[in-house]
Amino acid sequence: MSIDQQISEYYDKLLKRNAGEPEFHQAVSEVLDSLKVVLGKDPHYADDGLVERLCEPERQLIFRVPWIDDKGDIQVNRGFRVQFNSALGPYKGGLRFHPSVNLGIIKFLGFEQIFKNSLTGLPIGGGKGGSDFDPKGRSDREIMRFCQSFMTELQRHIGEYRDVPAGDIGVGGREIGYLFGQYRRLSNQHESGVLTGKGLTWGGSLVRTEATGYGLVYLTAEMMRTHKESFGGAKVIVSGSGNVALYAAEKAQQLGATVVAMSDSSGYITTPNGVDVDALKDIKEVRRERISAYVEEVGNGAQYHAGGNIWEVEADVALPCATQNELDGESAKLLVANGIRYVAEGANMPCTPEAVHYFQANGTAFAPGKAANAGGVATSALEMQQNATRDSWSFEYTDGRLHQIMSNIFKNVERTARDYGCEGDYVAGANIAGFKKVADAMLAQGVI
Ligand code: GLU
């Protein structure tokens, strides 16, 4: 049987066994596509059912999360943790609280996390979790009660050497605090290594808050350097206005770029004279208001476009930092027509396959999320190192480590693409480099 036939057989089987999970199918299909070239060159990676085992989570947990809202009514949500692969280290990956969360979404995120975590070069496996809980409009006390109920069940499945959750969409410092508090109470131990993204006075790491956004810009700068360009003077679109987007915008502007547009789920703002990141942080993170407030409060040429498509703005660099499939084929065409030269994914799988192919076919350098947004989880692994040695590092030292990790990821991805005859295809480079490390560990550890 040819490699192509073998892969399409795996994929057909996967579609049948995981019906109704389109995001998971999308994530697997993209990786399998890149594996064709690996299996052609190194056929032993098809041994021992390796590819089938890699696509099947080691463990999938689904649990009830009952809690009492401010009116005294009972609410019931669904909690998930998918422990996908621990060949390289304890399961590691965030928790997402968003009404769109279902098993398929968590499986896609967990699957991506395996390769992302492998690319960091640090000893972490892949996992992901979350809930269909919608934090929007909920009071602090409701958030706390939800987190306590969620952790009451999750606590039996996690631990420093087993599974180390962190944040993702809807889970930031406040939620990690409530989750950690409940874990500490139930376990009667101050086990700081059980969660990352903690507060700075109780085991958290400097730079963890900034890490995904900063790391995205460090990697993008490295990619631009190979084309003899830099952020200096570049116009940048950053979609979203959550943790990743805010710190990506901050770092891009520190490097001399102008962030010309940002968004939230209600619409986007254009900021031809750059974004005042501190003002936007106050609106989005402290007051939790809509992005439209920025225009009234800051002005400086900013305009609000209710419900508009941010990808119609003209720029040199696009950093999609909101959510999966936010940038489709049509938007990719708009960006290319407007002269976009670099796209790097700050969110997980924000570009549809059609968009990715369009960028690659039209000379836009494209960095996939597995590589480009790995800075968050990499700094989580640095937080774990500090917890294990009961140490806390300076901002400069930690930021230096992050910078080094992102440069190494890009070099590894670039070199791997070249070694496998697909120079400049950073999707293939990331998938292949991430895969090989996990695959070697799985083959060495036997059929489990
Ligand atoms: N949720 C982030 C990601 O998608 C970070 C996970 C972590 O720090 O464990 O990689």
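Here, residue 1 is the first one in the sequence, and each next residue gets the next number. Note that the structure is predicted; figures quoted are calculated from it, not measured. When a ligand or atom number is given, it counts from 1 through the structure's own listing order.
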If you look only at pairs with a residue in residues 366-385, which of them pass as a ring-ring contact (aromatic ring centres under 6.0 Å, His included), with sequence neighbours excluded?
none
So Tyr294 and Val275, do their side chains get closer than 4.5 Å, heavy atoms only?
yes
Output block, N or O contacts of ligand 1, threshold 3.5 Å exclusive:
residue	atom	partner	partner atom	Å
ligand 1	1 (N)	Lys128	NZ	3.3
ligand 1	1 (N)	Gly167	O	2.9
ligand 1	1 (N)	Asp168	OD1	2.8
ligand 1	4 (O)	Lys116	NZ	3.0
ligand 1	4 (O)	Lys128	NZ	3.0
ligand 1	4 (O)	Asn348	ND2	3.2
ligand 1	8 (O)	Arg208	NH2	2.9
ligand 1	8 (O)	Ser380	OG	2.6
ligand 1	9 (O)	Lys92	NZ	2.7
ligand 1	10 (O)	Gln113	NE2	3.0
ligand 1	10 (O)	Lys116	NZ	2.8

With sequence neighbours left out, what residues match Asn77 under side-chain hydrogen bond (donor to acceptor under 3.5 Å, both in side chains)?
Trp67, Asp132
Non-neighbouring partners of Ser205 that pass side-chain hydrogen bond (donor to acceptor under 3.5 Å, both in side chains), sequence neighbours left out:
Gln386
Phe97/Phe146 aromatic ring centres below 6.0 Å
yes
Compute the centroid of each ring, for Phe115 and then for Phe435, and state whether the two points are separated by less than 6.0 Å.
no
